[in-house]
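Sharing a structure, written as structure tokens. Questions coming.
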Amino acid sequence: MSLHAYSSKLRPERCLRLIVLASAACLALAGTLIALRLPAAPPARGALLIGWCWLCGRELLQLASSFARLRALCIDATGSIRLSEPDGTQVPATLMPGSIVLDRIAWLRCLTADGRIVTEPFRGAARTSRDWRRLKVIWRHAGVTP
């Protein structure tokens, strides 16, 4: 097999996306409850709550937008990444710090040319998925770790 033809195409799972969004929402709620119990003056607590809600809301919207715009992620042997959008277009992207590939799960963060950050969880098993095995090989040997 040619090195240029060696690539991995990963498709996101709805279940993982829902877990990420639900856990983010639960943590945002927990942070809100903690902020309400802080021993601070009411105006300071109010400002903290407004800031916390704004940050959490922005992060949740960015995650949901990222999930809605990604249908598949393809990484080739050189470490270059292409994102497949719902309309079928291929968007080149670069890997960002914070990406990680473990034995059965991966968290990939990519930056597109237009400045959009795409974050996506993936899972797989090397024994049953050729694409997952390829991703792990590319991750180790092509030097894609930022």
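These numbers come from the heavy atoms of this one structure, side chains and all, not from hydrogens, waters or symmetry mates.
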Notebook entry, point to check: Once you round to the nearest 0.5 Å, how far does CG of Leu70 lie from CZ of Arg116?
Noted result: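 Taking CG in Leu70 and CZ in Arg116, the distance rounds to 8.0 Å.
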Notebook entry, point to check: Where is the tightest heavy-atom contact between Lys9 and Ala72, given as atom of each residue plus distance?
Noted result: CE-CB, 3.7 Å
Item checked: Separation between CG of Asp131 and SG of Cys74, rounded to the nearest 0.5 Å ->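 That separation rounds to 8.0 Å.
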Next item on the list: Using the rule that two of Ile, Leu, Val, Met, Phe, Trp, Tyr join whenever any of their side-chain heavy atoms come within less than 4.5 Å, decide whether Leu73 and Leu95 are in one cluster.
Entry: yes
Next item on the list: Could you tell me whether the side chain of Val118 reaches within less than 4.5 Å of the side chain of Phe67, counting heavy atoms only?
Entry: no
Check: Same hydrophobic cluster for Val137 and Trp139, using side-chain heavy-atom links shorter than 4.5 Å among ILVMFWY?
Finding: yes
Margin query: Would you say that Arg58 contacts Leu55 through its side chain, given a criterion of any heavy-atom pair below 4.5 Å between the two side chains?
Written below: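 Of all side-chain heavy-atom pairs linking Leu55 with Arg58, at least one is under 4.5 Å.
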Next item on the list: Would you check if there is a donor-acceptor pair between the side chains of Asp87 and Thr89 at a distance under 3.5 Å?
Entry: yes
Next item on the list: Answer whether the closest heavy-atom distance between the side chains of Leu83 and Thr112 falls below 4.5 Å.
Entry: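 A side-chain contact under 4.5 Å exists here.
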Check: Tell me, do Arg17 and Leu63 make a side-chain contact under 4.5 Å, heavy atoms counted?
Finding: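 No; the side chains remain at least 4.5 Å from each other.
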Item checked: Which atom of Pro86 lies closest to which atom of Ala68, heavy atoms considered ->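 Scanning both residues, the minimum pair turns out to be CG-O, 3.5 Å.
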Checklist line | For Arg45 against Ala40, the heavy-atom pair lying closest together | finding: NH1-O, 3.4 Å
Notebook entry, point to check: With a 4.5 Å limit on heavy-atom distance, are the side chains of Glu13 and Arg11 in contact?
Noted result: no
Note to self: For Pro12 versus Phe122, what's the shortest heavy-atom pair and its separation?
What the structure shows: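 Where Pro12 meets Phe122 most closely, the heavy atoms are N-CE2, 3.8 Å.
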Margin query: Count I, L, V, M, F, W, Y as connected when their side-chain heavy atoms are under 4.5 Å apart, and connections chain through other members. Are Ile105 and Ile100 then in the same cluster?
Written below: yes
Note to self: Within this structure, what is the OG-CG distance for the pair Ser129 and Leu10, rounded to the nearest 0.5 Å?
What the structure shows: 7.5 Å
Checklist line | Side-chain heavy atoms of Leu16 within contact of Trp107, under 4.5 Å | finding: no
Margin query: Given 3.5 Å as the limit, does a donor-acceptor pair link the side chain of Arg109 with the main chain of Ile117, or not?
Written below: no
Next item on the list: Give a yes or no on whether the backbone of Ile75 and the side-chain of Ser8 come within a donor-acceptor separation of less than 3.5 Å.
Entry: no
Item checked: Those residues that, when tested against Arg69, pass side-chain hydrogen bond (donor to acceptor under 3.5 Å, both in side chains) (two or more places apart) ->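 Testing Arg69 for side-chain hydrogen bond (donor to acceptor under 3.5 Å, both in side chains), a comparison that skips the adjacent residues, returns Glu85.
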Next item on the list: Please identify each residue that fulfils side-chain hydrogen bond (donor to acceptor under 3.5 Å, both in side chains) with Ser84, with sequence neighbours left out.
Entry: Gln90
Item checked: Sub-4.5 Å side-chain heavy-atom contact between Leu135 and Val101 -> yes
Next item on the list: Might you work through the salt bridge (Lys or Arg N to Asp or Glu O under 4.0 Å) test for Lys136 and Asp103, ending with a clear yes or no?
Entry: CA-CA 8 Å; Lys136 290 181 71 175; Asp103 189 38; 2.8 Å; yes
N/O donor to acceptor pairs below 3.5 angstrom from side-chain atoms of residues 18-39, sequence neighbours left out:
unit_1: Ser23; atom_1: OG; unit_2: Ile19; atom_2: O; d: 3.0
unit_1: Ser23; atom_1: OG; unit_2: Val20; atom_2: O; d: 3.0
unit_1: Thr32; atom_1: OG1; unit_2: Ala28; atom_2: O; d: 2.9

